*Asks:* 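So that we are looking at the same thing, I have put the structure below in C-alpha cells.
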Amino acid sequence: KIKPAAKITEQASTKKEKKQEINSKIDNIFSEWDNKYSPGCALGIIKNGELIYTKGYGMGNLDYKIPLTTDSKFYIASTTKQFTAACIALLSIEGKLSLDDEVQKHIPELPKYQDKITVRNLIHHSSGLRDYLLLMRLSGKSFEDYFSIDDGIQLLSKQKETNFSSGDEYLYSNSGYLLLAEIVNRVSGMTIRKYADKNIFQPLGMTNTFFNDDHSQVIENRVISYHYQSNTLKRFVQNFDALGDGNLITTINDMYLWDQNFYHHKVGGKEFTDLILTQGKLNNGDTTNYSFGLIHGKYKGLKTVSHGGAFLGFRTEFM
C-alpha cells in the first residue's frame, strides 16, 4: 500500500512539533544562564551513535561577550582522569609498564611505605595516599597560586604515612592521578600531552583536545570561569599546571568522538576498552564502582559509566 502524500506530510509535521517540544524543554533547563551577562554551559546528547542535540548557553567570555558554542574549549577538571588512565592502559598493553609495578619504580622520590602501592592502586583510588589538593591548602596555598606536578610530588614526598594500607579501602585521591601523569611522562619518553595527542586524540580526530601543561598558553575559544564575590562576577585566576587529575581542555564535539570509541574501539581495540572499564578490587575481594577514571553506576535501572569534574569554577559531567 502507498501512503497518501497528505498522511506523510502530517506525520512529518507531528514529528517536527514533538522534536521542537523536546528541544524547548531542554532549553528551559538552561534558560537562567542563557544570556549575554552570564557564564553558561555547553551540552551534547548522543542517541544511537549520533550527536542528536548540541547547544551552547550563555557566555564563554564576559569581557568580550563571546557566546558559548559546542566548539568552545572547556577545562573539564576531574573528567580528565579517564584520559590519564587511558594513557596508562595503552602503555600497559604496549608492555612499557605493569599495572602491578610499585609506584616507586617509576617515581623513586616517593618514600617507601609499610605496604606496596602499585600503579593499579593509583588508578582505582585504593592507594591510601593523601590528597595533594588538601595538602596544598594545608600548606597555605590557594588553588589560584602557581602549582605544578613537581610541586605535588614534593608535597607527597614529605608524607611519612598513608591514610590506610594500600588496597584496604577506596578513597578518592587526586594524588594518584597526578602521579599517573608523571609516570606517563617518564615511561613514554614524552610528555603526557604529546603521548595522549599521538595515541588517542589525533587517531580519533579530537583536534581541540589536549592536556594543558602551560597555563599561560593562548588558547583560541578558551572558556573563562567565574565566581561571585560580593554579588559581582569575578574571573578565576588559573595558574595551575599540575595535571593528570585535571587540566584537560576539550569540546562537546570532541567528547562525542571519545564516547564513540567505547563502541567502535578505534583506539586500542576491544582489549583497551575492556581494560579501562575494569572495576577495582579491594584486598577483601570487594569490587568498587571505580574503573579507569570512570565510575560504574545506575540511572533509572540502566547501567551507566560516568565521571564528573569540579574545579576553579568549572563543572563537567560525562555519562
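Here the structure is a predicted model, which means the values were calculated and not measured.
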*Asks:* Sub-3.5 Å donor-acceptor pair from the side chain of Ser225 to the main-chain atoms of Gly313, do we have one?
*Replies:*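 No, because the side chain of Ser225 does not come within donor-acceptor range (under 3.5 Å) of the backbone of Gly313.
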
*Asks:* Does the side chain of Arg186 come within less than 4.5 Å of Ile107's, by heavy atoms?
*Replies:*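 Ile107 vs Arg186: side chains touch.
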
*Asks:* Under 4.5 Å between any side-chain heavy atoms of Leu156 and Leu135, yes or no?
*Replies:*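 In contact.
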
*Asks:* Check whether any side-chain heavy atom of Ser78 lies under 4.5 Å from a side-chain heavy atom of Asn174, and answer yes or no.
*Replies:*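 SC-SC contact between Ser78 and Asn174 confirmed.
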
*Asks:* Taking it one step at a time, do Gln20 and Asn23 satisfy side-chain hydrogen bond (donor to acceptor under 3.5 Å, both in side chains)?
*Replies:* CA-CA 5 Å; Gln20 287 175 341; Asn23 292 355; over 6 Å; no

*Asks:* Kindly work out whether a path of hydrophobic side-chain contacts (I/L/V/M/F/W/Y, heavy atoms less than 4.5 Å apart) joins Leu178 to Leu134.
*Replies:*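 Shared cluster, no.
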
*Asks:* Could you tell me if the ring centre of His125 sits under 6.0 Å from that of Tyr170?
*Replies:*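 Distance test on ring centres: under 6.0 Å, yes.
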
*Asks:* So, the side chain of Ser72 versus the backbone of Leu68: is there a donor-acceptor pair under 3.5 Å, distance only?
*Replies:*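 Not confirmed, Ser72 side chain does not pair with Leu68 backbone.
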
*Asks:* For Gln114, does the CD atom have more than 12 heavy-atom neighbours from other residues, nucleotides or ligands under 6.0 Å away?
*Replies:*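 No.
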
*Asks:* Is a donor from one side chain sitting under 3.5 angstrom from an acceptor on the other, for Asp151 and Ser148?
*Replies:*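 On atom types as modelled, these side chains qualify, holding a pair under 3.5 Å.
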
*Asks:* Can you find a side-chain donor-acceptor pair between His215 and Asp241 that sits under 3.5 Å?
*Replies:*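 His215 vs Asp241: donor-acceptor pair found between side chains.
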
*Asks:* Taking all atoms of both residues into account, what is the closest heavy-atom pair of Tyr37 and Leu62, and its distance?
*Replies:*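 Heavy atoms only, the tightest pair is C-CD2, 3.6 Å.
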
*Asks:* When you compare the side chain of Arg222 with that of Phe74, does any pair of heavy atoms fall below 4.5 Å?
*Replies:*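 No, too far: nothing below the 4.5 Å cut-off.
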
*Asks:* Does the Ser230 side chain pair with the main chain of Thr232, one donor and one acceptor, at a distance under 3.5 Å?
*Replies:*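 Pair absent, no side-chain N/O of Ser230 close to backbone of Thr232.
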
*Asks:* Looking at Lys65, I want to see if its NZ is surrounded by more than 12 non-hydrogen atoms of other residues, nucleotides or ligands under 6.0 Å.
*Replies:*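 Enclosed: over 12 neighbouring heavy atoms sit under 6.0 Å from NZ of Lys65.
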
*Asks:* What class does the angle between the rings of Phe272 and Trp258 fall in, given that below 30° is parallel, 30 to 60° is tilted and above 60° is perpendicular?
*Replies:*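 Answer is perpendicular, since the angle exceeds 60°.
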
*Asks:* Taking the ring centre of each residue, are Phe311 and Phe240 less than 6.0 Å apart?
*Replies:*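 Yes; Phe240 has its ring centre under 6.0 Å from that of Phe311.
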
*Asks:* Could you measure the distance from the CD1 atom of Ile200 to the CG atom of Asp197? Nearest 0.5 Å is fine.
*Replies:*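 Here the interatomic distance stands at 10.0 Å.
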
*Asks:* Checking His307 against Tyr290 for the ring-ring contact (aromatic ring centres under 6.0 Å, His included) test, could you report, in this order, the C-alpha distance in whole Å, the side-chain angles of both residues, the deciding distance, and whether it holds?
*Replies:* CA-CA 10 Å; His307 207 294; Tyr290 203 96; 5.6 Å; yes

*Asks:* Are Phe83 and Phe201 close enough that their ring centers fall under 6.0 Å?
*Replies:*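 Yes, ring centres under 6.0 Å apart.
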
*Asks:* Could you pull out the closest heavy-atom pair between Glu102 and Lys112, with the gap in Å?
*Replies:*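 The answer is OE1-NZ, 3.0 Å.
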
*Asks:* Say whether, by atom type as modelled, one donor and one acceptor occur between the side chain of Glu50 and the main chain of Ile46 under 3.5 angstrom.
*Replies:*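 The answer is no, because no donor-acceptor pair under 3.5 Å joins these two groups.
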
*Asks:* Run Tyr53 and Asp27 through side-chain hydrogen bond (donor to acceptor under 3.5 Å, both in side chains) and show every step you take.
*Replies:* CA-CA 11 Å; Tyr53 196 76; Asp27 294 343; 2.6 Å; yes

*Asks:* Would you say Phe318 and Leu43 are hydrophobically clustered, going by side-chain heavy atoms of ILVMFWY under 4.5 Å?
*Replies:*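 No, separate clusters.
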
*Asks:* I want to check something: taking the side chain as every heavy atom from C-beta on, are Ser98 and Val119 in contact at a cut-off of under 4.5 Å?
*Replies:*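 Result no, sub-4.5 Å side-chain heavy-atom pair not found.
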
*Asks:* Any side-chain heavy atom of Leu129 sitting closer than 4.5 Å to one from Leu179?
*Replies:*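 Touching, per the 4.5 Å side-chain cut-off.
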
*Asks:* Could you give the distance from CG (Asn247) to CZ (Arg193), rounded to the nearest 0.5 Å?
*Replies:*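 Separation between the atoms: 10.0 Å.
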
*Asks:* Do the side chains of Met190 and Phe210 join up, straight or via other hydrophobic residues, at under 4.5 Å, putting them in one cluster?
*Replies:*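 They do share one cluster, since a chain of ILVMFWY contacts under 4.5 Å joins Met190 to Phe210.
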
*Asks:* What are the two closest non-hydrogen atoms of Pro111 and Gln104, and how far apart are they?
*Replies:*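 Distance-wise, the nearest heavy atoms are O-NE2, 2.8 Å.
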
*Asks:* Please report the closest heavy-atom contact between Asp245 and Lys81, naming both atoms and the distance.
*Replies:*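 Looks like O-NZ, 3.1 Å.
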
*Asks:* Quick one: pull up CG in Leu180 and OG1 in Thr84 and give me the separation to the nearest 0.5 Å.
*Replies:*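 If I round to the nearest 0.5 Å, the distance is 7.0 Å.
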
*Asks:* Quick check for you: to the nearest 0.5 Å, what is the distance between Arg130 atom CZ and Asn163 atom CG?
*Replies:*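 Spacing of CZ (Arg130) from CG (Asn163) equals 6.0 Å.
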
*Asks:* How far apart are the C-alpha atoms of Asp214 and Ser216, what are their side-chain angles, what is the distance that settles it, and do they pass the side-chain hydrogen bond (donor to acceptor under 3.5 Å, both in side chains) test?
*Replies:* CA-CA 5 Å; Asp214 179 3; Ser216 64; 2.7 Å; yes

*Asks:* Output, in order, the C-alpha distance, side-chain angles, deciding distance and verdict of ring-ring contact (aromatic ring centres under 6.0 Å, His included) for Phe292 and His124.
*Replies:* CA-CA 7 Å; Phe292 280 57; His124 296 306; 5.6 Å; yes

*Asks:* Are any of the side-chain heavy atoms of Asn185 and Ile149 separated by less than 4.5 Å?
*Replies:*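 Sidechains of Ile149 and Asn185: in contact.
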
*Asks:* Can you check side-chain contact (heavy atoms from CB on, under 4.5 Å) on Ser126 and Leu282, steps first, answer last?
*Replies:* CA-CA 7 Å; Ser126 59; Leu282 301 179; 4.2 Å; yes

*Asks:* Would one find more than 12 heavy atoms of other residues, nucleotides or ligands at under 6.0 Å from atom CD of Glu144?
*Replies:*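 Result for CD/Glu144: enclosed.
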
*Asks:* Among the clusters formed by ILVMFWY side chains lying less than 4.5 Å apart, do Leu243 and Tyr195 turn up in the same one?
*Replies:*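 Yes, because Leu243 and Tyr195 connect within a single hydrophobic cluster, where side-chain heavy atoms sit under 4.5 Å apart.
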
*Asks:* Please round to the nearest 0.5 Å and tell me the distance separating atom SG of Cys87 and atom CZ of Phe211.
*Replies:*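 One gets 5.0 Å once the value is rounded to the nearest 0.5 Å.
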
*Asks:* More than 12 non-hydrogen atoms from neighbouring residues, nucleotides or ligands closer than 6.0 Å to NZ on Lys141, yes or no?
*Replies:*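 For Lys141, atom NZ is crowded (more than 12 foreign heavy atoms under 6.0 Å).
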
*Asks:* Set out, in order, the CA-CA distance, both residues' side-chain angles and the distance that settles side-chain hydrogen bond (donor to acceptor under 3.5 Å, both in side chains) for Asn239 and Asp145, then state yes or no.
*Replies:* CA-CA 6 Å; Asn239 291 316; Asp145 291 337; over 6 Å; no

*Asks:* Does any part of the side chain of Tyr75, heavy atoms only, come nearer than 4.5 Å to the side chain of Gln238, both counted from C-beta?
*Replies:*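 With C-beta onward as the side chain, the pair touches.
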
*Asks:* Decide side-chain contact (heavy atoms from CB on, under 4.5 Å) for Thr79 and Phe314; before the verdict, give the C-alpha distance in whole Å, the side-chain angles of both, and the deciding distance to 0.1 Å.
*Replies:* CA-CA 11 Å; Thr79 307; Phe314 288 100; over 6 Å; no

*Asks:* Might you point out which heavy atoms bring Ser165 and Asp115 nearest each other, and give the distance in Å?
*Replies:*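 That closest heavy-atom pairing would be OG-OD2, 2.9 Å.
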
*Asks:* Please determine whether side-chain contact (heavy atoms from CB on, under 4.5 Å) holds for the pair Val103 and Thr118, giving the CA-CA distance in whole Å, both sets of side-chain angles, and the decisive distance to 0.1 Å.
*Replies:* CA-CA 5 Å; Val103 173; Thr118 65; 5.7 Å; no

*Asks:* Do the two ring centres, one from His227 and one from Phe236, sit under 6.0 Å apart?
*Replies:*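 That pair passes the under 6.0 Å test.
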
*Asks:* Picking from Thr70, Thr207, Thr209, Asn208, what satisfies side-chain hydrogen bond (donor to acceptor under 3.5 Å, both in side chains) with Asp254?
*Replies:*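 With Asp254 as partner, Thr70, Thr207, Thr209, Asn208 yield a single side-chain hydrogen bond (donor to acceptor under 3.5 Å, both in side chains), made by Thr209.
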
*Asks:* When you check the gap from the basic side-chain N to the acidic O, do Arg120 and Asp100 get nearer than 4.0 Å?
*Replies:*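 A salt bridge is present here (some side-chain N lies under 4.0 Å from a carboxylate O).
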
*Asks:* Determine whether Met319 and Ile295 fall in the same hydrophobic cluster, where Ile, Leu, Val, Met, Phe, Trp and Tyr are linked whenever their side-chain heavy atoms lie under 4.5 Å apart.
*Replies:*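 Per the 4.5 Å side-chain linkage, Met319 and Ile295 are not co-clustered.
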
*Asks:* Measure the spacing between CE of Met59 and OG of Ser38 and express it to the nearest 0.5 Å.
*Replies:*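 Spacing of CE (Met59) from OG (Ser38) equals 8.5 Å.
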
*Asks:* Report the C-alpha distance between Asp63 and Arg235 in whole Å, list the side-chain angles of each, state the deciding distance to 0.1 Å, and finish with yes or no for side-chain contact (heavy atoms from CB on, under 4.5 Å).
*Replies:* CA-CA 10 Å; Asp63 283 333; Arg235 274 185 300 178; 3.3 Å; yes

*Asks:* Show the nearest heavy-atom pair for residues Ser127 and Leu122, with the distance to one decimal.
*Replies:*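 Smallest interatomic distance, heavy atoms only, reads CB-CD2, 4.0 Å.
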
*Asks:* Does Ser24 reach the main-chain N or O of Glu21 with its side chain, forming a donor-acceptor pair under 3.5 Å?
*Replies:*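 Between the backbone of Glu21 and the side chain of Ser24 there is no qualifying donor-acceptor contact (under 3.5 Å).
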
